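Here's the structure we're looking at; comments come further down.
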Protein chains: 2
Amino acid sequence: MFVIDLMSRIPVYEQIIKQVEEQVLIGVMKSGDKMPSVRSLSIKLSINPNTIQKAYTELDRRGLIVTVPGKGSFVSDNATELVGEKSRGKIENLTEIITELAYAGVTKEEVIETVETVYKNVEV
Amino acid sequence: MFVIDLMSRIPVYEQIIKQVEEQVLIGVMKSGDKMPSVRSLSIKLSINPNTIQKAYTELDRRGLIVTVPGKGSFVSDNATELVGEKSRGKIENLTEIITELAYAGVTKEEVIETVETVYKNVEV
DNA sequence: ACAACTGTACTAACACAACTAGTACGGTTA
DNA sequence: TAACCGTACTAGTTGTGTTAGTACAGTTGT
């Protein structure tokens, strides 16, 4: 479910947050789905419970999950919208990276070819 | 010349490296140009000389600058090619971000529009 | 009621990397 | 010779991610 890279510079709790966002985005996790419990996930990933909790607290703060004390955490109703909005905001990153590629000598045609390929493979 | 964000999670020395790469890429810095001295830059940016040195050592190791003891550091002859190659390698990042945008509901047309705009403004 | 879950709260300590501080050495230039 | 240049090294600080351990309260199913 989650793959953690302990050697990464990105903190474990952020890796978890990011992977939840991704899975919601691509539809693997859906509204109402139950998240693994803090303890079970901490055991599965061999990560301290506090670190998992930190990720869950932040996910709750962002509104991606809803936490019911004693019951567990669940993917919120508007989780999909939230990650969708966030991703759409990344169109600026797109501008940035294309600019860099342009300076590096990558032609417009190559970039567009890449765009075509991606959209062919996604087919939402 | 350089803008450092002390609050950033990216280490200062990496920020310097990245900015040198960028300036070489867009042609602001050219082969043979003299780099500011370790000491002068450390004063200008109010950064410890060791941190600047760390950036310069790494830039030298990567072949982006050539260091002549007693004289100073200079942008290397093949610096432009080096950063060009590196940036061209980022076409994978492009795939990644476009995939995310696709899932987020951004249409292919919007993405291509962005590509067109960038290439119009760059005009190398 | 009770055991076994759930999330939450808190303090203390560890580990690592970035960064700073200070000093010293050798080459180059005017 | 003075004033630059890069380099080297040790020591110490700082911040933050992470761990460790414990404790408390709500929910579930038997």
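As the structure is a prediction and not an experimental result, all values here were calculated from the model. Letters A, B, ... mirror the listed sequences (proteins, then strands); counts begin at 1. The figures that follow rest on heavy atoms only: side chains count, while hydrogens, waters and symmetry mates do not.
- Once you apply a 4.0 Å limit to the heavy atoms of chain B, the touched nucleotides of DNA chain C run 5' to 3' over C:dA18 to C:dT29.
- Atom C1' of nucleotide D:dT18 and atom CZ of A:Arg9 are separated by 18 Å, given to the nearest angstrom.
- Applying the side-chain contact (heavy atoms from CB on, under 4.5 Å) criterion to A:Asn48, with sequence neighbours excluded, gives A:Asn50, A:Thr51.
- A straight line from CD1 of B:Ile10 to C1' of D:dT16 spans 16 Å, rounded to a whole angstrom.
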Given protein heavy atoms under 4.0 Å, the one-letter contact record of nucleotides 22-30 of chain D, with B base, S sugar-phosphate only and - none, is simply -B--BSS--
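- For residues 6-15 of chain B, the pairs satisfying side chain to side chain donor-acceptor pair (under 3.5 Å) are A:Arg9-B:Glu14, A:Glu14-B:Arg9, with sequence neighbours left out.
- For B:Arg39, the side-chain contact (heavy atoms from CB on, under 4.5 Å) test picks out B:Ser37, with sequence neighbours left out.
- A side chain to side chain contact (heavy atoms under 4.5 Å, CB included) with A:Val28 is found for exactly one of A:Val24, A:Ile26, A:Leu25, namely A:Ile26.
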N/O donor to acceptor pairs below 3.5 angstrom from side-chain atoms of residues 78-85 of chain A, sequence neighbours left out:
unit_1: A:Asn78; atom_1: OD1; unit_2: A:Ser76; atom_2: OG; d: 3.2

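- Across the interface with DNA chain D, nearest-nucleotide mapping of A:Thr51 and B:Ser40 shows B:Ser40 to be the residue nearer the 5′ end.
- Applying the side-chain contact (heavy atoms from CB on, under 4.5 Å) criterion to B:Ile91, with sequence neighbours excluded, gives A:Val106, A:Thr114, B:Leu94.
- A search for side chain to side chain donor-acceptor pair (under 3.5 Å) contacts involving A:Glu21 returns A:Arg62, A:Lys86, not counting sequence neighbours.
- Of the residues in residues 53-60 of chain B, those lying under 4.0 Å from DNA chain D by heavy-atom distance are B:Gln53.
- Computed from coordinates, the B:Leu41 CG to D:dC4 P distance equals 17 Å when rounded to whole Å.
- Sorted by first then second residue, the salt bridge (charged side-chain N to carboxylate O under 4.0 Å, His left out) pairs that include residues 97-109 of chain B, not counting sequence neighbours, are A:Lys90-B:Glu100, A:Glu116-B:Lys108.
- Atom pair B:Asn48:CG and D:dG6:C1' shows a separation of 15 Å (rounding to whole Å applied).
- Residues satisfying the side-chain contact (heavy atoms from CB on, under 4.5 Å) criterion with B:Glu96, sequence neighbours excluded, are absent altogether.
- Through direct or relayed side-chain contacts under 4.5 Å between Ile, Leu, Val, Met, Phe, Trp and Tyr, A:Phe74 connects to A:Val68.
- Regarding B:Leu6, its CG atom lies at a distance of 16 Å from the P atom of D:dT14, rounded to whole Å.
- When the P atom of D:dT16 is taken as reference, atom CD of A:Gln15 falls 19 Å away, rounded to whole Å.
- Atom CD1 of B:Ile112 is separated from atom OH of A:Tyr119 by 8.5 Å, given to the nearest 0.5 angstrom.
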